[in-house]
Every structure is written in C-alpha cells, then in structure tokens.
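Right, one structure below, let's go through it.
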Amino acid sequence: MHTSRPRTGPRRTSRILPRAFYARPTLEVTADLIGKVLVHRAPEGVAAGVIVETEAYIGESDPACHAAPGPTARNAPLYGAPGMAYVYLNYGMHYLVNAVTEAEGQPAAVLIRALEPLEGLDLMARRRARGGVVAEADLCRGPGNLTRALGLSLAHNRSDLTNAPLSIEDWAVPPMDLAWGPRIGISVGTDRLWRCWAAGHRSVSRRRQGFVSPA
DNA sequence: CGTTCGATGCACT
DNA sequence: GTGCATCGAACGT
C-alpha cells in the first residue's frame, strides 16, 4: 500500500530554516547558507533568490565585525537572538543584510553578499532600475544590490528570519561546490578566509578574487 | 581588460 | 571630523 500525501507541497511546513540552524558556529552557518533561499514576501509581491556568497563576522575580537568596539546602539542586534536579521546602512546609500548567529550575548553574523534570482525577477528589475536595464545575473550581485532588489531597508532590522515576511528557506536547490577566500571591502581582518561562495557562479561578486577549495 | 573616484548618511571618536 | 562589510561611471592600458 502507499500513503497519500497532500498534493500541494511535501515538506512545505518545514521549508523555513529553524532557529537552531543559526545557533551554531558562524563558519558552519556561513557555509550552510550557500544554496539556501532568501525570501521577501512583500505587499507588492514575492522576491527570492539562492544565496551564493556569504561572509562571517565573528565576535569583538574580529576587527572587521561591527561588534569590535563592544556593544553600541547600532550593533545591538548582533548580541541578540540567533536567526534575527541585522540590517544597516553602509556608505550612506546601501542597506546590507546579515543573519545573526551563535548564542544570545555572543555577537556574530553572516553577511549575505549575493543571490541567484529565483522568483519575482520583474519586481527585482523594477526596484533595481535606475535608468538602464539590469542583467538577470546582476540583479542580486553584491550585498547592496540584493537588498535593493528584494526591497529591504532599515525597517527589516531585527526581523525574525524564521518567520515571514523575510525568511531563509530550504528549497532543495542542487548542491554547489564551495570556495573560500578573504573577505571583501574591509581594511582590517583581511587575514581571515571567512568569505564563502558557490564556485564559478555567475552571480558572485568580484569573481576574480579568492580561490577554490574542496567542498 | 584594468584602476580610480565621487556619491551620500550616519555611527562613533 | 573620520571612516566606512558599496556601486557604477569614467578613464587608462
């Protein structure tokens, strides 16, 4: 005999990553987020993409981490519960989104640097358009670009990633080979190889940097 | 291909 | 006042 299953989506209820996923060593989360899907369900529509590039920022001893100066008003989310979003404004014009990791009181997070667009490409293109047309592979290429394509802003700071409207989910994406290298765009802590990306992927930012390592 | 540089707001010293 | 976890246009090779 065979059991009957609801036709509308096996595993649908368990697609969103649970808090336990984030309550782990940050470098593990940094690697495991590659291939997961960042989803923003907004009133104007759904936009989602496969995470293909991440960076770890770990603790007050990491000079590039926003927690390096100790607790401040801005970095408070880093000290909070794992699975929350840490969003901040960079260079006065770009929002960057992180997933908070480790345990509460232990400041660490994973920066999401690039996505492969999956759903809501028209919506992404509209949000990104500033005069010209943006190529599909470039829609969510770079941490400032992806937040713009998904419509994320400071309003999403401290948002719970284990709930709508902003979540990270397991959509059973085919496995990808991982590569590691130095983090990008920082002037300190460049000795740590805490940037992780899907090797050879077209949506990864600054593809010339870094090197491939066995998965 | 490569590198340089200006935009632009705010947290922190 | 200083310095950004960036981006894209402009310019050099």
Side-chain angles (χ1 to χ4, degrees), chain A residues 22 26-27 29-31 33-34 38 49 51-80 82 84-102 106-117 124-159 161 166 168 179-198 202-210:
Chain A
Y22 303 95
T26 302
L27 289 178
V29 181
T30 301
L33 278 176
I34 302 294
L38 181 63
I51 298 172
V52 295
E53 184 181 358
T54 53
E55 278 178 0
Y57 290 86
I58 310 176
E60 296 178 349
S61 62
D62 173 6
C65 182
H66 281 184
T72 66
R74 180 179 67 163
N75 67 25
L78 291 176
Y79 291 82
M84 310 300 277
Y86 170 49
V87 182
Y88 71 96
L89 178 66
N90 199 29
Y91 290 102
M93 60 193 92
H94 302 292
Y95 298 107
L96 273 56
V97 62
N98 297 251
V100 174
T101 58
E102 311 270 353
Q106 210 170 349
V110 176
L111 170 70
I112 300 174
R113 288 194 55 93
L115 311 175
E116 174 189 345
M124 291 181 182
R126 249 177 284 137
R127 285 168 171 155
R128 286 275 274 116
R130 208 161 25 173
V133 180
V134 179
E136 177 178 329
D138 295 336
L139 281 174
C140 299
R141 183 174 169 181
N145 287 335
L146 76 89
T147 56
R148 178 159 184 166
L150 263 56
L152 303 182
S153 71
L154 233 43
H156 301 89
N157 192 26
R158 300 174 183 269
S159 177
L161 294 172
L166 181 62
I168 301 180
W180 293 86
R183 293 173 295 181
I184 287 180
I186 53 175
S187 55
V188 290
T190 51
D191 54 314
R192 295 161 166 84
L193 305 186
W194 287 354
R195 174 177 177 238
C196 185
W197 68 95
R202 57 181 190 153
S203 290
V204 171
S205 70
R206 301 205 223 171
R207 276 168 287 189
R208 281 183 58 80
Q209 299 205 11

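Every chain is numbered from 1, with letters handed out A, B, ... down the list of sequences.
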- [ ] Applying side-chain contact (heavy atoms from CB on, under 4.5 Å) between A/Ser203 and each of A/Leu146, A/Val52, A/Leu139, report the one that passes.
- [x] A/Val52
- [ ] Would you verify whether the NZ or CZ of A/Arg158 falls within 45 degrees of the ring axis of A/Tyr86 while also being under 6.0 Å from that six-membered ring's centre?
- [x] no
- [ ] Check whether the ring centres of A/Tyr57 and A/His66 lie less than 6.0 Å apart, and answer yes or no.
- [x] no
Open item on the list: Nearest whole Å is fine: how far is C/dA5 C1' from A/Arg183 CZ?
Closed with: 9 Å
TODO: Just compare C/dT6, B/dA11, B/dT8 and give me whichever is closest to any side-chain atom of A/Pro143.
DONE: C/dT6
Task: Salt bridge present between A/Glu136 and A/Arg202 (N-O < 4.0 angstrom) - done: yes
Task: All stems with DNA chain B, defined as three or more consecutive Watson-Crick or G-U pairs under 3.5 Å - done: B:1-7 with C:6-12, B:9-12 with C:1-4
Open item on the list: Need one value for A/Ile186: base, sugar-phosphate or nothing, where a base atom within 4.0 Å counts as base even if backbone is also close, heavy atoms only.
Closed with: sugar-phosphate
TODO: Between B/dT13, C/dA5, C/dT6, spot the one nearest the side chain of A/His94, thanks.
DONE: C/dT6
TODO: Give A/Arg148 one of three labels, base, sugar-phosphate or nothing, depending on what nucleic acid heavy atoms sit under 4.0 Å from its own.
DONE: nothing
TODO: Would you kindly give the OH-to-C1' distance between A/Tyr95 and C/dA5, to the nearest whole Å?
DONE: 16 Å
Open item on the list: Taking the side chain as everything from C-beta on, heavy atoms only, tell me whether A/Trp194 gets closer than 4.5 Å to A/Thr26.
Closed with: no
Task: Residue mapping more 5' on DNA chain C - nearest nucleotide basis, A/Arg130 or A/Leu96 - done: A/Leu96
- [ ] Could you check whether A/Asn98 gets within reach of a base, just the sugar-phosphate, or nothing at all, counting any heavy atom under 4.0 Å?
- [x] base
Open item on the list: Using the six-membered base ring of C/dA5, report whether A/Tyr57 stacks on it, requiring centroids under 5.5 Å and planes under 30° apart.
Closed with: yes
Please set out all donor-acceptor pairs under 3.5 angstrom arising from side-chain atoms of residues 108-116 of chain A, sequence neighbours excluded.
unit_1, atom_1, unit_2, atom_2, d
A/Arg113, NE, A/Glu53, OE2, 2.9
A/Arg113, NH2, A/Ser205, OG, 3.2
A/Glu116, OE1, A/His201, NE2, 2.8

Task: Among B/dT8, C/dA5, C/dC7, the nucleotide that comes nearest once only the side chain of A/Met93 is considered - done: B/dT8
Task: Electrostatic pair A/Asp62-A/Arg183, nearest N-O below 4.0 angstrom - done: yes
Open item on the list: Which nucleotide wins on minimum distance to the side chain of A/Leu89, given the candidates C/dG8, B/dC10, C/dA5?
Closed with: B/dC10
Task: Heavy-atom donor-acceptor pair, A/His66 side-chain to C/dA5 base, under 3.5 Å - done: yes
